Participant: 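Would you mind keeping the following structure in view while I ask a few things?
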Amino acid sequence: MQESWNGYVNDDDRALLKVIKFASPTSAGADCIDPDCTWVEQWVHRAGPRKQIYFEPQYVKAGIVTCGGLCPGLNDVIRQIVLTLEKYGVKNIVGIQHGFRGFFENHLGEVLLNRHVVQNINLAGGSFLGVSRGGANISDIVDSIQARRLDMLFVLGGNGTHAGANLIHEECRKRKLKVSIVGVPKTIDNDILLMDKTFGFDTAVEAAQRAINSAYIEAHSAFHGIGLVKLMGRSSGFITMHASLSSGQVDICLIPEVPFTLDGPNGVLRHLEHLIETKGFALICVAEGAGQEHLQQSNATDASGNTVLSDIGVHLQQKMKSHFKEIGIHSDVKYIDPTYMVRAVRANASDAILCTVLGQNAVHGAFAGFSGITTGICNTHNVYLPIPEVIKSTRLVDPNSRMWHRCLTSTGQPDFH
Ligand SMILES: Nc1ncnc2c1ncn2[C@@H]1O[C@H](COP(=O)(O)OP(=O)(O)O)[C@@H](O)[C@H]1O
Ligand SMILES: O=P(O)(O)OC[C@H]1O[C@](O)(COP(=O)(O)O)[C@@H](O)[C@@H]1O
Ligand SMILES: [Mg+2]
């Protein structure tokens, strides 16, 4: 190799975690490390290939698993992990089917992966390996990792999956197994801390435009039309906020982080009356986790322990219909719930690039000898982060952030209090 080749990332390279120095905690969207906002430098490891690697590629067996719900780009990440492992010289690569369940449900065999098998999988949405919720029995999973003789495990999933991956990492350490557990954050809701954005989010925002545009056309064409679109986001309103901003046609954007009243002089319904009176139609975009306080809560959870939400879309639809009937004003409500149509699509161009970078960096991280880490973009730089740091809490839209204020400026909606 030519002498001037500088392709390796130095082990001591670091990226700065926070790049804005907020003068005061009251500055819009201030995200301070210390309560008084003194400047604290926090550095994180730069992602990328190392000169010294900690595994002999020809003896490595690597596994890939995809957990939780679907997200555009899963196949792109799987594919890049396989291509990068092969580039290192790894020959034994397997896929674990249907999330953590694949480790111990006997009928779910390992899928042998290589460049030929994964060549075209990025052309479709979904997960080539299948996904599932529940089934995170850590001790059984680590037994299975041992029995399969895995040296590396790439775990693609969201907050829950990363909590599981970290427990797997800790159990492997306890058993003194030299297995590298590396996460790749998959969350369409964009709800993982410290990262600029997660893969699939851009695609979801783009896919949501079709639903919003249809709702707009329906509402605009009807007499006193009201278009309502419900988008994903259990506790984080990023998809709804960004989709509303992107559309530019949304009059009311409702997210879980910002409570709202429906009735009364400052409520959503009164504002809808105003919109019908002044422009003749209205468009609402609501996140699935918004306004849960208005609904009857169930204690039900899904297999992963996530709360099953009540349907805010149906509730809003009914409230709007009965409200306009009560006040004797005609309205024509059209409700669109595009949830799975938004999620089950292939990654767009920018997400495909993000997936490529993340998949490659996950493999570089494992070969660098890291475990219990995940990889993401931080202030436009690609980094490795310890899993516990990114799952301390769910990343939420800050109602004091510039982005939420921009969204309010764009919709023109008042404070619904
Ligand atoms: N706190 C947790 N600790 C360990 N495993 C978890 C935890 N929460 C969820 N899991 C497991 O992680 C997997 C995916 O979780 P889920 O919440 O459905 O999706 P996501 O990872 O996208 O948040 C499931 O197999 C689930 O059982
Ligand atoms: O119907 P499912 O598969 O449980 O998925 C619905 C949920 O999945 C999500 O898209 C996010 O799922 P993940 O946390 O697994 O990424 C939520 O926004 C939505 O509530
Ligand atoms: Mg979860």
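Counting from 1, the numbers follow the sequence of the chain as shown. In listed order, ligands and their atoms are each counted from 1. In this text, all values refer to a predicted model and were calculated from it rather than measured experimentally.
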Participant: Quick one: look up the protein heavy atom nearest atom 15 (O) of ligand 2 and list residue, atom name and how far away it is.
Facilitator: Gly69 N, 2.7 Å
Participant: Determine yes or no for a side-chain-to-main-chain donor-acceptor pair under 3.5 angstrom, with Thr356 supplying the side chain and Ala352 the backbone.
Facilitator: yes
Participant: Tell me the protein heavy atom at minimum distance from atom 4 (O) of ligand 2, and give that distance in Å.
Facilitator: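 Going atom by atom, the protein heavy atom closest to atom 4 (O) of ligand 2 ends up being Arg133 NE, 3.1 Å.
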Participant: For ligand 1, is there an N or O atom under 3.5 Å from any N or O atom of Ser132?
Facilitator: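 No, no N or O pair falls under 3.5 Å.
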Participant: Closest non-hydrogen protein atom to atom 15 (O) of ligand 1, residue and atom name please, with distance?
Facilitator: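 Ranking protein heavy atoms by distance from atom 15 (O) of ligand 1, first comes Ser304 OG, 3.5 Å.
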Participant: At less than 4.0 angstrom from any non-hydrogen atom of Ala136, what atoms of ligand 1 do you find?
Facilitator: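 Answer for ligand 1: 5 (N), 11 (C), 27 (O).
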Participant: Between Glu288, Arg234, Met232, flag the one that comes closest to atom 19 (C) of ligand 2 by a heavy atom.
Facilitator: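 Checking each option, the heavy atom nearest atom 19 (C) of ligand 2 is found in Glu288.
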Participant: On the 0 to 90° scale, with breaks at 30° and 60°, tag the Tyr216-His220 ring pair as parallel, tilted or perpendicular.
Facilitator: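 Geometry flag for His220 against Tyr216: parallel rings.
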Participant: Quick one: nearest non-hydrogen protein atom to atom 21 (O) of ligand 1, plus distance?
Facilitator: Thr161 OG1, 2.4 Å
Participant: Suppose we measure from atom 3 (O) of ligand 2 to each protein heavy atom; which comes out shortest, and what is that distance?
Facilitator: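 Among all protein heavy atoms, the one nearest atom 3 (O) of ligand 2 is Arg343 NH2, 3.0 Å.
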Participant: Flag this pair as yes if the NZ/CZ of Lys279 is under 6.0 angstrom from the six-membered ring centre of Phe281 and inside a 45 degree cone about the axis; otherwise no.
Facilitator: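 Yes, Lys279 and Phe281 form such a contact.
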Participant: For atom 8 (N) of ligand 1, which protein heavy atom lies nearest, and how many Å away is it?
Facilitator: Gly160 CA, 3.4 Å
Participant: Work out whether the distance between some heavy atom of Cys71 and some atom of ligand 2 is less than 4.0 Å.
Facilitator: no
Participant: State whether Phe128 and Arg79 meet the cation-pi test: NZ (Lys) or CZ (Arg) under 6.0 Å from the six-membered ring centroid, and within 45° of the perpendicular axis.
Facilitator: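 Cation-pi check for Arg79 and Phe128: fails.
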Participant: May I ask you to list the atoms of ligand 1 that are less than 4.0 angstrom from any heavy atom of Lys186?
Facilitator: 22 (O)
Participant: Please report which non-hydrogen protein atom sits nearest to atom 11 (C) of ligand 2, along with the residue it belongs to and the distance in Å to one decimal place.
Facilitator: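 It is Asp189 OD2, 3.6 Å.
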Participant: How far is atom 13 (P) of ligand 2 from its nearest protein heavy atom, and which residue and atom is that?
Facilitator: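 Of every protein heavy atom, Lys186 NZ, 3.6 Å lies nearest to atom 13 (P) of ligand 2.
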Participant: Starting from atom 17 (O) of ligand 1, find the nearest protein heavy-atom neighbour and note its residue, name and distance.
Facilitator: Asn306 ND2, 3.2 Å
Participant: Do me a favour and list the nearest non-hydrogen protein atom to atom 1 (O) of ligand 2 with residue, atom name and distance?
Facilitator: Tyr340 OH, 2.4 Å
Participant: Identify, for atom 1 (N) of ligand 1, the protein heavy atom at the shortest distance, and state residue, atom and that distance.
Facilitator: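 Nearest protein contact, heavy atoms only, for atom 1 (N) of ligand 1 is Ala163 CB, 3.6 Å.
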Participant: So which protein heavy atom does atom 25 (O) of ligand 1 come closest to, and at what separation?
Facilitator: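 Protein heavy atom with the smallest distance to atom 25 (O) of ligand 1: Gly134 O, 2.6 Å.
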